[in-house]
Amino acid sequence: MNSELIPLMVIFPLISAILLNLMHGKDKVVRAYGILAMLVVLVVPIFASYGNHLFGAHPVVDTLPQLKISLSEVNLAIEYNFAFLQKALVFLLAAIATFAVLSHISNEKKVSGVYLSMIMLSIAAVSAVVMANDIFNMFVFLEIMTIAQAAIVIAVGGVSGYKAAFKYLVFGGVAGASILLGIALLLGTFGVLNISDLHNSLSGNMTNPIVLTAVGLIVIGWLFESGLFPFHTIKSNMYSAAKPDIAALLQTQTKIVLVALAIVLLRLFGGYSNMTAVMLGLSVGTLIIGSVMALLQTDFRRLLAFTAVSQAGLVGIGIGLGTRLGIAAGIFHAINDAIAMSLLFITVYFIYERAKTTEFKRLGGLLVQAPKLAFIQIIGILIVSGVPPFNAYQSEFRIIDATIQAGHPELGVLVILGTILTFVALMKGFYLTFLKENTTKIALGKVHIYNGLPTVTYVTLIILVIACVGIGLFPMPFYDRAYSVALKILVGW
Amino acid sequence: MIIEFVLMFVIVASTLLALVQKDLMRTVIIIGFQGLGLALLYQRLLAADVAVTQAILGSALLPGLIAVTVFKTRRSQE
Amino acid sequence: MNGSEVQFWSFVTAALLMIIGIYAIIFMDNIIKKIIGVMLIGDGVNLVLITEGFKPGGIVPIISEKLYNQSPGIFQEFADQASYSLPFALVLTNIVIGASTLAVLLGITIKLYQHYNSLSVHEIFKEEKI
């Protein structure tokens, strides 16, 4: 049962982060090690076998009567679970991170070891959050993720990056404290930190006021970490302050953490219908507010940032429904949307690299200069808007289906409305960038400046489009696995 | 038993006092007392290992970091 | 004044620290005081955890190997009296996390000051669009 490769997914990026930090300044070494490390990070989740890994070498001990918990056995070790969902999420994270690392290595004359080390740190943190079956371990890695993400944005973002990272860290500190206070209340009441054990202890204590307080506190933390309604501007500021390739990585991490934390919340407190109602309501708010805000933006990066936030709301709607179909569709949409939004962010990354701006008033008429890019971007817009042959259609359709099955057809209408708003906003961005006549006095350069996509970007875009079409044509292997996860959440782990 | 209550009073009072100062250097020094008070309270609450860490970090290292920031920026609140 | 009263007032102190911290984050204009607010919230949560582990009339949960070897029977007595030490381990982790967050925040503060020549949040986030 003890797979040796499971801890490697967390430990290897952590060691790489330390090594890359030490290598900072030695350009060739950093390049070579960065590529090698990303290869390992990509390969390990493919070859790791499913199972559990126990840190601490205590499999299970017998009942501890003095703890007064109604359990037959208590886990003392820190437990990491690895199954299909974890494999898919960790691999997705590794793939998008590989692009971020490769684009940095191939585009910068001087490679920053610290920057790559922070990317590695965030990979390790998100992998641990996905796999950990221990609520405190999860909290620790969420905090590490917050610091690493802020550091990545600081590294390239200029003054707007500093401001976004400052807000992110202040709110992250408060949200982290909120999660930890919730954990402290649960620990004080039940004396265990393992999520399976907590689930068992909680089942008989649904009306305990302390537990209700803990639920509220942890839900506040979940809302922050996934960038839902009250905190949506903080996340969108981070996305738009970062370089678009990093924004692709950040929004992938946000959606992965959203799913991982929501699964924990549903496993622990699935019995509280009020909690799922709050999750659902705030997710609907995020979807509508995010897509309306996206329409108002005058900068392509900010437009995409708000679109990413509103799509996170769509994932939240699926999970917040609390039904089998809803949870499965939500998890499935998180994977699909992380791929599709990364595709859009990477096309904008290309514009940003060449034009050094993404403001609409300074862009225009790029269709002539970059026809391939325009073609890929229109495909990306169609994918995110949920047009049939692609993957996001499969999951958005299932989310709407789930809302109707759950007896809330009006929510389905809101989802369709949000999707249409997203489509209009993205088409506005496409029109202003590619179709509108370029009226600025500032010459964007010679005609050929957009020709010849860098190979790394081009290959990544093609791979992402193929992934979208592939999942869109054959959704069942993924959806079935998501459905079995949903079943496990509702019926028992 | 009276020691704990004195320590709690010192912690809350020094926190409030630190936040109302106009001179940021004073804020730093008073927040150091708060960290020290917390360390002693941890010791009284039977957490000796945490108390040692908190004594180093809370009363010396973190105020030192804030003091460096204050030196590099401006000392008085505008 | 007995041990459980200490526990109660300790929780009250922790709550006060968190409330003062939230007040500082929301209402204080100076950026360094906001950062101190974040630190205070962390301290409050730490104090909650420590108080949870506290056992009135108990002993510090540290036993030396030498003492144990002298009389193994002492271990039973120790286990009965020692305070609950799992929260203490959590607090140690949280202290380190809080310190690193604080260090990054202070670094950003210096950078922002160099650009805006001010520590006022209103000044720095003036032209912020939603």
Side-chain angles (χ1 to χ4, degrees), chain A residues 66-67 76 118 135-137 139-144 146-148 150-151 153-154 157-189 191-193 217 232-233 236-237 240 289 293 296-299 302 306, chain C residues 11 14-15 17-18 21-22 24-26 31 34-35 37-54 79-80 84 86-87 89-91 93-94 96-116 121 124-130:
Chain A
Q66 65 270 33
L67 287 184
L76 283 181
M118 285 301 146
I135 197 163
F136 184 71
N137 205 279
F139 159 78
V140 170
F141 280 105
L142 278 176
E143 291 294 285
I144 293 174
T146 310
I147 296 174
V153 173
I154 292 166
V159 177
S160 61
Y162 295 138
K163 290 198 311 200
F166 183 82
K167 276 197 204 165
Y168 190 64
L169 277 176
V170 168
F171 279 88
V174 178
S178 165
I179 296 180
L180 184 60
L181 194 55
I183 293 172
L185 294 177
L186 289 178
L187 177 69
T189 318
V192 284
L193 289 171
L217 289 166
H232 59 291
T233 49
S236 64
N237 267 336
S240 52
I289 291 173
M293 293 297 290
L296 300 175
Q297 298 307 317
T298 56
D299 184 308
R302 291 185 68 83
F306 277 104
Chain C
F11 278 130
L17 279 179
M18 282 187 263
I22 289 171
I25 287 178
I26 297 174
I31 223 170
K34 267 192 203 291
I35 294 173
V38 177
M39 193 175 100
L40 289 177
I41 292 180
D43 283 344
V45 179
N46 288 346
L47 191 52
V48 168
L49 277 164
I50 294 276
T51 315
E52 248 167 38
F54 173 59
D80 287 341
Y84 184 39
L86 179 60
L90 309 193
V91 170
T93 318
N94 195 35
V96 175
I97 292 171
S100 37
T101 311
L102 191 83
V104 179
L105 278 172
L106 290 172
I108 298 174
T109 307
I110 295 177
K111 282 286 180 191
L112 283 175
Y113 181 79
Q114 285 169 356
H115 192 267
Y116 289 95
V121 173
I124 292 171
F125 290 94
K126 203 162 54 183
E127 74 265 23
E128 195 80 350
K129 294 181 293 185
I130 296 169

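Labels below follow one simple rule: chain letters A, B, ... track the order of the sequence lines, proteins then strands, and each chain is numbered from 1.
The two atoms that bring Ile147(A) and Ser100(C) nearest to each other are CD1-OG, 3.8 Å, heavy atoms only. Shown here for Lys163(A) and Ile124(C), the closest heavy-atom pair between the two residues is NZ-O, 3.4 Å.
With a 4.5 Å cut-off on non-hydrogen atoms, Leu181(A) touches chain C through its backbone and its side chain both. Interface remark: Met18(C) contributes side-chain atoms only to the contact with chain A (heavy atom separation under 4.5 Å). Both the backbone and the side chain of Thr101(C) come within less than 4.5 Å of a heavy atom of chain A. Proximity to chain A (any heavy atom under 4.5 Å) is restricted, for Ile35(C), to the side chain, taken from C-beta onward. For chain C, the nearby part of Leu193(A) is the side chain; its heavy atoms alone come within less than 4.5 Å.
By the ring pair (Phe, Tyr, Trp, His ring centres under 6.0 Å) test, Phe166(A) pairs with no residue at all, sequence neighbours left out.
For the set Val96(C), Asn46(C), Ile31(C), the count of heavy-atom pairs under 4.5 angstrom toward chain A peaks at Ile31(C). Put simply, of Val38(C), Ile41(C), Ile97(C), the one with the most heavy-atom pairs under 4.5 Å next to chain A is Ile97(C).
Using a 4.5 Å cut-off on side-chain heavy atoms (C-beta onward), Leu90(C) and Phe139(A) make no contact. Side-chain atoms of Tyr162(A) and Gln114(C), non-hydrogen and from C-beta on, never get closer than 4.5 Å to each other. Residues Leu187(A) and Tyr84(C) have side chains in contact (heavy-atom distance under 4.5 Å, counting atoms from C-beta outward).
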| task | List the steps and the verdict of side chain to side chain contact (heavy atoms under 4.5 Å, CB included) for Leu49(C) and Ile183(A). | result | CA-CA 9 Å; Leu49(C) 277 164; Ile183(A) 293 172; over 6 Å; no
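Atom OH of Tyr113(C) has more than 12 neighbouring heavy atoms from other residues, nucleotides or ligands inside a 6.0 Å radius.
Taking 4.5 Å as the heavy-atom cut-off, the residues of residues 104-112 of chain C that approach chain A are Val104(C), Leu105(C), Ile108(C), Thr109(C), Lys111(C), Leu112(C), ordered by number.
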